[in-house]
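Within every chain, numbering begins at 1; the chains are lettered A, B, ... in the order of the sequence lines, protein sequences first and strands thereafter.
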Amino acid sequence: MDTKTPAVSSPEHTSSPDFVRTIVAQDVQAGKNQGRVHTRFPPEPNGYLHIGHAKSISLNFGVAQEFGGLCNLRFDDTNPTKEDVEYVEAIQEDIRWLGFDWQDRLFYASDYFGRLYEFAEELILQGKAYVCDLSPEDMRAYRGTLTEPGRNSPNRERPVEENLDLFRRMKAGEFAEGSRTLRARIDMQSPNISLRDPVIYRILKTPHHRTGTAWCIYPMYDFAHCLSDALEGITHSICTLEFENNHALYDWFLDNLKVPGHPLQIEFARMNLNYVVMSKRKLRQLVEEGYVAGWDDPRMPTLAGLRRRGYTPASIREFCERIGVAKAISIVDISLLEFCVRDDLNKHALRVMGILRPLKVVIDNYPEGTVEEMDAINNPEDPSAGTRRVPFSRVIYIERDDFREDPPPKYFRLAPGREVRLRYAYFIKCVGVVKDPVTGEVVELHCTYDPSTRGGDAPDGRKVKATLHWVSAAHAVDAQVNLYDRLFGVQDPGNEPEGHSFIEYLNPNSLEILSGCKLEPSVLNAPALTHYQFERQGYFCVDAESRPDKLIFNRTAALRDTWARIEEGSKA
RNA sequence: UGAGGGAUCGUCCAAUGGUAGGACACCUGACUCUGGAUCAGGCGAUCGGGGUUCGAAUCCCUGUCCCUCAGCCA
């Protein structure tokens with residue numbers, strides 16, 4: 001069902017291209033880069049990808065596709081103290097799952113460590129970089145503040161030869177971590193702090209997940225990123241807003257070094273979603289402190305979590321297109337994401353009947369021992385999905401919610417004396433209610449059926465106001481169903497006031513585990529991640545850990561529930 | 001208070017001097033063997049103040065608010 005179809009804009013939202021695509025189109029038009037378009041998605045392998053990354057992935061791969069260009073996957077692995085192979089594997093899996101393909105263009109910034117080092121020496125030779133002996137504290141003091149200019153490092157006028165010697169010895173491991181850095185010689189008075197002689201190499205005696213112990217000096221982001229882009233022939237380097245301050249530095253390195261090209265950095269606003277936290281630090285905290293079951297907990301906004309929750313790649317791509325691309329900071333309403341899955345699943349998910357909170361119903365006048373196979377439509381939105389047969393017998397389960405002993409106004413499901421339709425089966429009328437003598441709880445219903453209504457219509461033309469889903473008790477399969485709700489109870493949990501933690505805003509009811517749910521037998525052997533619509537309930541998918549002898553389903557999203565609104569409204 | 005960005009329906013995105021439009025959300029109604037889906041309709045915005053113009057979200061002036069930057073993180 002999930003295709004590798006690229007995220008090409010469908011006609012209905014090609015109204016006007018976003019500002020990034022507008023720039024790219026103009027460049028192509030003007031013949032820049034010989035009309036080539038080449039982008040890249042550059043994650044740091046220090047965490048799992050989340051829905052926010054999906055926007056960037058969709059933009060970078062999407063733009064490349066639309067302009068007949070290419071998009072590389074490049075791991076920005078310049079800080080071995082924070083990165084790990086676990087993440088490089090997971091990130092690739094997630095991007096592939098989303099439906100994007102970098103073909104043979106999988107790169108790492110660490111692929112370029114050798115060349116980056118040479119670029120650094122070239123800068124030294126030009127007198128545009130120097131080895132600085134300032135301690136981290138002193139460097140901060142010399143840097144100045146937002147309103148005061150910085151002061152030159154005492155080592156700023158160090159001769160080229162000495163810089164070269166020192167830098168080579170840094171590389172050789174002669175100096176302690178933190179004792180020296182290589183800095184670009186730009187302008188300590190610059191009102192743009194990132195231009196105040198930024199560090200371009202630091203000493204880190206940590207083995208790297210790819211280069212091992214080959215290096216003990218590592219390039220900083222600003223230096224590595226622009227040069228990696230240039231080396232790969234990137235034409236448009238699309239990044240998020242917080243790098244606007246670094247734009248001048250990006251250009252400075254490329255302008256002062258002999259590089260094969262000069263990519264254009266374009267900054268856009270990252271995606272924010274309400275009711276979730278998106279920072280890697282906070283997501284990690286949720287995982288490490290056990291507030292969720294893991295990076296792929298279905299309540300997590302990670303791609304792994306969304307996948308396990310039952311979100312489809314197509315729905316996430318659609319979402320990324322619908323939210324658009326701009327420079328204004330935005331917080332997208334999570335209801336749009338939910339709309340996108342429902343919209344996709346409505347078209348593609350097979351319908352099935354499943355009872356979440358079973359109430360036993362005995363059909364008194366239905367012959368004992370008889371089983372009928374009822375024809376049921378697999379997907380009314382897609383005739384090619386065909387039909388299946390669902391067993392019907394004398395004892396069935398219906399949803400507890402579908403019966404009220406004392407029905408409120410506008411409630412038109414089952415109640416004493418009332419007639420309703422069983423989907424694809426018969427009309428039944430409630431003739432008796434059995435209660436627990438102690439608690440008074442309704443434990444069983446007795447009904448009669450009208451044999452002439454088989455298939456769901458009465459020959460005399462009488463109508464019923466409700467159609468209920470049901471499952472034959474003798475044929476039902478048991479399952480655990482996990483009902484998920486938003487992880488946080490407030491719109492902006494990540495923006496906690498002083499002295500508070502986002503942990504305080506966790507929704508205590510974000511997971512409700514239902515056991516003893518009764519499902520129609522057709523779901524028994526469905527593989528993990530199979531999507532279903534449980535009719536009248538919502539979209540569910542087979543959990544990764546589900547087994548035939550222990551079925552587990554996750555609720556992806558509930559169906560729109562008009563009755564719940566009516567009832568809610570009448571309470572108010 | 002330095003520098004760089006940004007302000008349009010509740011939310012997100014359009015309109016680049018010519019009727020402020022779409023989507024989500026919300027509310028009505030129609031239809032329905034899913035109170036789903038679908039269909040029709042409704043609600044609803046240009047940050048403030050000046051100016052230019054026949055005409056301004058758009059251009060000019062001015063003010064306000066918000067975001068980012070003082071890692072040897074990315």
>> Any side-chain to backbone donor/acceptor pair from A/Ser330 onto A/Val332? Under 3.5 Å, distance only.
In response: no
> Is there a donor-acceptor pair closer than 3.5 Å between any side-chain N or O of A/Arg40 and the backbone N or O of A/Ile238?
Replying inline: yes
Please list, for nucleotides 23-26 of chain B, all pairs of protein and nucleotide N/O atoms separated by less than 3.5 Å.
residue : atom : partner  : partner atom : Å
B/rA23  : O2'  : A/Arg322 : NH1          : 2.7
B/rC24  : O2'  : A/Ser335 : OG           : 3.3
B/rC26  : OP1  : A/Arg565 : NH1          : 2.8
B/rC26  : OP1  : A/Arg565 : NH2          : 2.9

> With rounding to whole Å, what would you report as the distance between B/rU11 and B/rU46 at their P atoms?
Replying inline: 12 Å
>> Closer than 4.0 angstrom, basic N to acidic O: yes or no for A/Asp401 and A/Arg413?
In response: no
> Which way is the base of B/rG36 turned, syn or anti, if we draw the line at 90° from 0?
Replying inline: anti
> Which residues satisfy the ring pair (Phe, Tyr, Trp, His ring centres under 6.0 Å) test with A/Phe534, sequence neighbours excluded?
Replying inline: A/Phe540, A/Phe553
> In terms of side-chain heavy atoms of A/Glu381, which of B/rU34, B/rC72, B/rA37 is nearest?
Replying inline: B/rA37
> Can we call the ring centroids of A/Tyr426 and A/Phe392 under 6.0 Å apart?
Replying inline: yes
> Given pairs defined as Watson-Crick or G-U wobble with both distances under 3.5 Å, what dot-bracket annotation applies to RNA chain B, with ( ) intrastrand, [ ] crossing, | other strand and . unpaired?
Replying inline: .((((((..((((....[..)))).(((((.......)))))....(((((..]....))))))))))).....
>> Please confirm whether the shortest side-chain N or O distance from A/Ser135 to OP1 or OP2 of B/rC72 is below 4.0 Å.
In response: no
>> Under 3.5 Å, is there any donor-acceptor pair linking the side chain of A/Gln533 to the base of B/rU34?
In response: yes
>> In whole Å, measure the gap between the C1' atoms of B/rC67 and B/rA56 for me.
In response: 27 Å
>> Looking at A/Lys282 and A/Gly494, would you say the former's side chain and the latter's main chain have a donor-acceptor pair under 3.5 Å?
In response: yes
> Which value, in whole Å, describes the distance between the C1' atoms of nucleotides B/rA23 and B/rC43?
Replying inline: 15 Å
> Relative to the 5' end of RNA chain B, which residue comes earlier, A/Ile331 or A/Glu83, by the nucleotide with the nearest heavy atom?
Replying inline: A/Ile331
> Do A/Tyr108 and A/Val88 pass the side-chain contact (heavy atoms from CB on, under 4.5 Å) test, and can you show the C-alpha distance, the side-chain angles, and the key distance before you say yes or no?
Replying inline: CA-CA 10 Å; A/Tyr108 296 80; A/Val88 343; 3.9 Å; yes
>> Using the C1' atom as the point on both nucleotides, what is the distance between B/rC65 and B/rC31, in whole Å?
In response: 48 Å
> Using the C1' atom in both, what is the distance from B/rA3 to B/rU8, to the nearest Å?
Replying inline: 27 Å
>> Holding to ring pair (Phe, Tyr, Trp, His ring centres under 6.0 Å), I want the full list of residues that pass it with A/Phe319, two or more places apart in sequence or in another chain.
In response: none
I'd like a table of atom pairs between the protein and nucleotides 1-3 of chain B - only N or O on both sides, under 3.5 Å - with the distance next to each one.
residue : atom : partner  : partner atom : Å
B/rG2   : N9   : A/Leu146 : O            : 3.1
B/rG2   : N3   : A/Leu146 : O            : 3.1

> Using atom P of each nucleotide, how far apart are B/rC39 and B/rA7 to the nearest Å?
Replying inline: 33 Å
> For the rings on A/His225 and A/Phe243, is their centre-to-centre separation under 6.0 Å?
Replying inline: no
> When the C1' atoms of B/rG4 and B/rC59 are considered, how many whole Å apart are they?
Replying inline: 23 Å
> With the threshold set at 4.0 Å, does a side-chain nitrogen-carboxylate oxygen contact exist between A/Arg389 and A/Asp375?
Replying inline: yes
> Within less than 4.0 Å of OP1 or OP2 of B/rA74, is there a side-chain N or O belonging to A/Thr78?
Replying inline: yes
> What nucleotide among B/rA14, B/rG35, B/rA37 has an atom nearest to a side-chain atom of A/Arg536?
Replying inline: B/rG35
>> What's the gap between B/rA30 and B/rC24 when it is taken at their C1' atoms, as a whole Å value?
In response: 22 Å
>> Taking the minimum atom-to-atom distance to the side chain of A/Lys327, which one of B/rA14, B/rU34, B/rG6 wins?
In response: B/rG6
> Within less than 4.0 Å of OP1 or OP2 of B/rC72, is there a side-chain N or O belonging to A/Arg140?
Replying inline: no
>> Using a heavy-atom cut-off of 4.0 Å across all strands, would you classify A/Glu44 as base, sugar-phosphate, or nothing?
In response: sugar-phosphate
>> For RNA chain B, which residues of residues 195-205 of chain A approach it to below 4.0 angstrom with any heavy atom?
In response: A/Val199, A/Arg202
> How is A/Pro380 classified with respect to the nucleic acid when contacts are heavy atoms under 4.0 Å: base, sugar-phosphate, or nothing?
Replying inline: base
